[in-house]
There are 2 protein chains.
Amino acid sequence: MSMTPSESTAATSATAGTTKAVGIRERNRQELTAEILASAQRHLVEHGSADLSLRAITRDLGMASSAIYRYFASRDELLTALIIKAYNDLADRVEVADGGVSKRGDHRARWQAISTSIRDWALDNPQQWALIYGTPIVGYAAPEDTIAAATRSTRPLIQLLIDESGRSGATELVTESNTSILAPGLSNILAEIGGPAAETDVVRGLGAWAEIIGLISLELFGHLKNVVLDCDAHFTYLSNEIGTRLNFEVGP
Amino acid sequence: MSMTPSESTAATSATAGTTKAVGIRERNRQELTAEILASAQRHLVEHGSADLSLRAITRDLGMASSAIYRYFASRDELLTALIIKAYNDLADRVEVADGGVSKRGDHRARWQAISTSIRDWALDNPQQWALIYGTPIVGYAAPEDTIAAATRSTRPLIQLLIDESGRSGATELVTESNTSILAPGLSNILAEIGGPAAETDVVRGLGAWAEIIGLISLELFGHLKNVVLDCDAHFTYLSNEIGTRLNFEVGP
DNA sequence: CACAAACGTGAGCACCGCTCTTGTTTAAGA
DNA sequence: TCTTAAACAAGAGCGGTGCTCACGTTTGTG
């Protein structure tokens with residue numbers, strides 16, 4: 001059986017039932033793949049995605065430069081893996097922050113937790129932020145593998161929008177056919193997550209999301225230098241204003 | 001007198017008074033510099049900034065690969081020139097759009113002209129947009145040369161914010177000392193452009209700006225795929241809502 | 001007219017992503 | 001248990017990159 005590097009991650013534990021028969025080769029493969037990803041992550045953090053060199057990674061791991069292509073078919077495929085990891089790391093932070101709000105009806109608190117956790121993660125991981133929200137490098141169309149992780153990172157925010165839309169008793173809910181602005185496939189995501197929402201609410205929520213992403217990118221990419229002195233206060237002020245604008249208050 | 005590539009543009013027409021004595025060498029230098037920039041611009045539009053190759057440019061112009069370093073000291077310096085050009089191109093578009101609103105008191109119309117002209121330019125020049133608002137490539141700190149062009153592109157928006165702040169009779173104007181959020185140097189820019197403005201107005205204006213930049217970047221970088229079907233309508237809806245939020249109405 | 005600065009050229013260095021061939025190790029089927 | 005094919009590691013190599021340097025030429029100037 002031949003195995004291309006692309007399907008390496010999907011072919012784990014082929015023999016169901018018996019957890020024992022993994023095989024030395026399969027174990028080594030998983031371990032080396034993890035080591036490559038870890039080294040790539042280090043290089044990404046230190047030098048940025050543009051300077052990420054496959055040869056440097058192989059030098060780190062003491063292997064031949066050609067050996068890495070047994071595990072990742074190309075530099076783009078490695079970057080895609082790093083993108084997915086970045087999305088998941090961000091999603092973890094946002095989920096923990098949102099989940100930390102015990103009073104689920106306090107939409108204002110949940111909004112503050114979500115928005116500030118996004119920025120905190122970005123400040124802690126600027127290279128990873130640039131990887132997912134900066135200039136796309138792998139190609140104009142993001143690989144299919146990334147969209148699952150991408151939607152996971154925005155899921156808490158969507159959930160909050162749905163909850164708020166339900167509280168306000170919104171009509172004109174988004175369905176697959178009645179939407180003119182939003183994509184038809186979005187209604188499936190909304191339904192899968194927790195129910196429908198009004199189209200205008202979703203559109204305004206996307207505006208709030210864009211403002212958060214924009215503020216963080218402007219800050220991280222240096223566009224607020226000589227403009228904003230206290231970026232913390234600036235973000236807090238605007239995030240709070242967005243919460244007011246979207247009617248996020250303490251509910252029952 | 002020695003001349004490094006960095007100061008080539010600043011050393012034009014050294015002999016004041018006589019416009020004639022430019023010299024063949026100086027003329028050739030300016031022409032070749034312009035040709036290099038034009039070729040670089042073509043490569044940028046077609047292949048993106050990441051794949052911009054100095055050697056490909058020299059092949060285009062039929063010169064030796066090492067000759068380009070007589071005109072640009074490094075790839076970063078060429079990219080910086082392209083960034084400045086992109087900022088100025090964007091500024092031209094925004095200035096024309098804003099200047100096209102004859103009724104200067106119609107702040108709502110000016111806002112629509114400014115915001116939509118930014119997006120229109122971005123859709124027409126996605127690679128240039130990525131160059132200035134995407135991941136910074138030249139270095140974390142933008143070169144000093146770019147900030148002049150950068151502020152020029154945001155000047156109409158700042159002007160509009162000042163006009164609106166004046167209409168609403170804002171108090172607590174931004175000065176060099178009383179600001180806690182904004183940078184001290186910003187008050188100089190505000191004063192130079194057309195007068196003071198309230199700090200909260202400027203902060204909220206920055207939020208609106210971030211939302212516009214964020215919406216365009218999300219759209220161009222592929223993050224609204226499978227989310228927003230009609231990006232035109234989406235942007236128009238939110239831009240109009242921002243105008244309402246900032247009290248942009250038809251004035252006297 | 002001499003001289004120095006600016007210029008164009010080609011070779012060369014170190015690096016990159018990626019491919020191919022060669023020889024070895026592992027695992028599965030006869 | 002032995003055989004055979006797949007997976008693997010390694011090294012050479014290809015075309016490309018940014019950039020440097022030494023060389024000979026052109027140009028402007030004192």
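Below, chain A is the first sequence line, B the second, and so on; all start at residue 1. None of these values were measured; they are calculated from a predicted model.
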Within a strict 4.5 Å, meaning less than it, do heavy atoms of the Thr80(B) and Phe72(B) side chains meet?
-> no
Summarise how protein sits on nucleotides 22-27 of chain D as a single string, 5' to 3': B when a protein heavy atom is under 4.0 Å from the base, S for sugar-phosphate-only contact, - for no contact.
-> ----BB
Output the single nucleotide from dC8(D), dC19(D), dA10(D) whose closest atom is nearest the side chain of Ser66(A).
-> dA10(D)
Whole Å only: how far is the NE2 atom of His43(B) from the C1' atom of dG16(D)?
-> 14 Å
Would you find a donor on one side and an acceptor on the other, under 3.5 Å apart, between the side chain of Ser39(A) and the backbone of Glu35(A)?
-> no
Glu144(B) atom CD, over 12 foreign heavy atoms within 6.0 Å | no
Donor-acceptor pair, Asp98(A) side chain versus Val94(A) backbone, under 3.5 Å?
-> no
Measure from CD1 on Ile68(B) to P on dG18(D) and round the result to the nearest Å.
-> 8 Å
Look up atom CD in Glu95(B) and atom CZ in Arg152(B), then write down how far apart they are to the nearest 0.5 Å.
-> 4.5 Å
Nearest whole angstrom, please: distance from the P of dA27(C) to the CZ of Arg27(A).
-> 11 Å
Pick base, sugar-phosphate or nothing for Leu32(B), based on heavy-atom distances below 4.0 Å to the nucleic acid.
-> sugar-phosphate
Once you round it to whole Å, what is the distance between C1' of dT25(C) and CD of Glu26(A)?
-> 16 Å
Under 3.5 Å: donor-acceptor pair, side chain of Arg119(B), backbone of Thr236(B) | no
Atom CD of Glu31(A) and atom C1' of dC8(D): how far apart are they, to the nearest Å?
-> 15 Å
Round to a whole Å and report the spacing from CG of Leu78(A) to P of dG17(C).
-> 10 Å
Please give, in whole Å, the distance from dC18(C) C1' to Met63(A) CE?
-> 15 Å
To the nearest angstrom, how far is Asp76(A) atom CG from dC18(C) atom C1'?
-> 12 Å
Side-chain contact test, heavy atoms from C-beta onward, threshold under 4.5 Å: evaluate it for Leu131(B) versus Ile137(B) and give yes or no.
-> yes
For dT9(C), does OP1 or OP2 lie under 4.0 Å from any side-chain N or O of Tyr69(B)?
-> no
Side chains of Glu219(A) and Val228(A): closer than 4.5 Å at any heavy-atom pair?
-> no
Any chance CG of Asn88(B) has more than 12 other-residue heavy atoms, nucleotides or ligands included, within less than 6.0 Å?
-> yes
Contact check, residues 45-62 of chain B vs DNA chain C, heavy-atom distance under 4.0 Å, returns Arg55(B)
